[in-house]
2 protein chains.
Amino acid sequence: MPTYLHKLLRMRLEGKEVVSTTELADYMNIELIVVRKDIMLTGVSGRRRVGYDINDLINHIMSFLGWEQTIRATLIGAGALGAALLGYDDFSRYGLLIESVFDCDSSKIGQEIRGHEIYDIATIRTRLKLARPDIAIICVPNLSAQLVADQVISLGIRYIWNFANVCLQVPENVIVQREVIAGGLAMLSVKMKYDRNQLADARALEAES
Amino acid sequence: MPTYLHKLLRMRLEGKEVVSTTELADYMNIELIVVRKDIMLTGVSGRRRVGYDINDLINHIMSFLGWEQTIRATLIGAGALGAALLGYDDFSRYGLLIESVFDCDSSKIGQEIRGHEIYDIATIRTRLKLARPDIAIICVPNLSAQLVADQVISLGIRYIWNFANVCLQVPENVIVQREVIAGGLAMLSVKMKYDRNQLADARALEAES
DNA sequence: GGCTAATAGATATTTTTTTCTCTTTTGGCA
DNA sequence: TGCCAAAAGAGAAAAAAATATCTATTAGCC
């Protein structure tokens, strides 16, 4: 969905007004029917022989994803990954607003990254008690992640986007979305292994004949 | 799979020798049966009433993922995200070796990040012609990504891990693994929307009665 | 020694997802 | 005006994934 959205936003900038599933499928190198099913999920309806109104589609996808109203977030851990997220411009378009950034490294506290001042993690309770964000983004080292999670949960935050490489243990009413960086690498390696095996098989067959 | 692996490596460090699916399922907060099916995919066999030998399982997962032999990579784009990947220690354990780093920003060229010297992207052809890496990791801005992809493909690289927010157009024999940063956010927002709706429904029902 | 419960392993069932096929609409073109 | 082809839309079939159920083994305990 985010990929469709990104593409559609760009197409709108280019002045286009309608788009067909064929066009999107070509761009994404996937089957036409997959795109159509995805689009149907959003509940939008198009015009036969023409396609979908781009604005319409954008609105429906935004609404489907719940990105119409701003999602207020706090980022915990301003290391390399945290900084990368702060630098990810598209978030603002997706309705994600990182309102505060915390770290425990005294050399970082008080500094600014991309216009965000970094606060001392020790002050998180007082700072977030009132302005409670919707989600917490955890970008701290693996060993601290559970501790940080416990803290934000105790502040009443119920949605966590976790970039640390651990499975957080949380109460039932808390939802964690875990990002496994190595997941993509795993996918690629498996495809790579498979692809190379196929190549080797093909060569062996050729040599035989 | 990477998550199992990570957990298992840590358990091995803690001196454990066997593990049961129950244990892994508890840790990951997923169904026992899912874990068992995943493990069966790797072809390992365990001992009833005991569990799996951790070393055995690690080896089988590594082999399943094709992580036994080192994957040699070049990283293109040393921005915040590229730097974050360079700082991701686990890659070395997963057999990923980032051999070279390229950027086009003259203020970065010649600098070092985490022990990796940053080379001028203009020199990529001469540098990679001989020591051809297995994969290219693309961390450049969206607008440059296709250009960079074309370049590495022309160098004979056939596997690409793409962190840019575009769908690369590549020849048939090239495999691209695309990482959609906002994908996790989309998942979380949808879960969040759903969760909040349920909560609201429950409250309405309560108020009624 | 025999019972019990924990665990792997195999098979069956259900559900979900993916894929295919057919239908309907309609803009463009001759 | 009427045909054609490109597109959405709906429904069916096939495939895959998730889940449940059953069986076999065996360590630990009484």
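Numbers restart at 1 for each chain; the letters A, B, ... are given by sequence-line order, proteins then strands.
- The side chain of B:Arg36 sits closest to C:dG9 out of D:dT19, D:dA10, C:dG9.
- Under 4.0 Å is where a charged nitrogen must lie from a carboxylate oxygen, and between A:Glu23 and A:Lys16 at least one such pair does.
- The B:Glu31 side chain lies nearest to D:dT19 when the options are C:dT21, D:dT19, D:dT26.
- To the nearest angstrom, P of C:dG9 lies 11 Å from CG of B:Leu57.
- In this structure, the ring of A:Tyr159 has its center no less than 6.0 angstrom from the ring center of A:Trp161.
- Computed from coordinates, the A:Leu24 CG to D:dA7 P distance equals 11 Å when rounded to whole Å.
- OP1 or OP2 of C:dA8 has at least one side-chain nitrogen or oxygen of B:Thr21 nearer than 4.0 Å.
- Each of C:dT7, C:dG9, D:dA7 was ranked by its minimum atom distance to the side chain of B:Thr22; first place goes to C:dT7.
- Nearest to the side-chain atoms of B:Val34 among the listed nucleotides C:dT26, D:dT19, D:dA7 stands D:dT19.
- One interatomic measurement links the two molecules: CG of A:Asp53 to P of D:dA8, which rounds to 13 Å at whole-angstrom precision.
- You won't find any donor-acceptor pair under 3.5 Å spanning the side chain of A:Arg48 and the base of D:dA7, going by distance alone.
- Nucleotides of DNA chain D nearest to A:Ile39 and A:Arg49 differ in position, and the one nearer the 5' end is that of A:Arg49.
- With hydrogens and angles ignored, no donor-acceptor pair under 3.5 angstrom links the side chain of A:Lys37 to the base of C:dT16.
- Remark: A:Lys108 fails to qualify as a cation-pi partner of A:Tyr119 under the 6.0 Å distance and 45° angle criteria applied to the six-membered ring.
- As a whole-Å value, the separation of A:Ile54 CD1 from D:dA7 P is 14 Å.
- When the nucleotides D:dG28, C:dG9, C:dG27 are ranked by their closest atom to the side chain of A:Val50, C:dG27 comes out on top.
- Protein atom CD of B:Glu23 is 14 Å distant from nucleotide atom P of C:dA6, rounded to whole Å.
- You'll find that the side chain of B:Met40 is closest to C:dA10, out of C:dA10, D:dA27, C:dT25.
- Using a cut-off of 4.0 Å between Lys/Arg side-chain N and Asp/Glu carboxylate O, B:Asp134 and B:Arg158 are scored as not salt-bridged.
- For D:dA6, neither phosphate oxygen OP1 nor OP2 lies less than 4.0 angstrom from any side-chain nitrogen or oxygen of A:Tyr52.
- Counting only N and O atoms by type, the side chains of B:Thr74 and B:Arg127 include no donor and acceptor under 3.5 Å apart.
- No hydrogens or angles were tested; on distance alone, nothing pairs the side chain of B:Arg47 with the base of C:dA8 as donor and acceptor under 3.5 Å.
- Atom C1' of nucleotide D:dA8 and atom CG of A:Leu41 are separated by 15 Å, given to the nearest angstrom.
- With rounding to the nearest 0.5 Å, the separation of CG in A:Leu32 from NZ in A:Lys37 is 11.5 Å.
- Rounded to whole Å, the distance from CG on A:Leu32 to P on D:dA7 is 9 Å.
- Nucleotide D:dA8 holds its C1' atom 15 Å from the CG atom of A:Asp38, rounded to whole Å.
- Side-chain proximity of A:Ile33 to the nucleotides D:dT26, C:dT21, C:dG9 is greatest for C:dT21.
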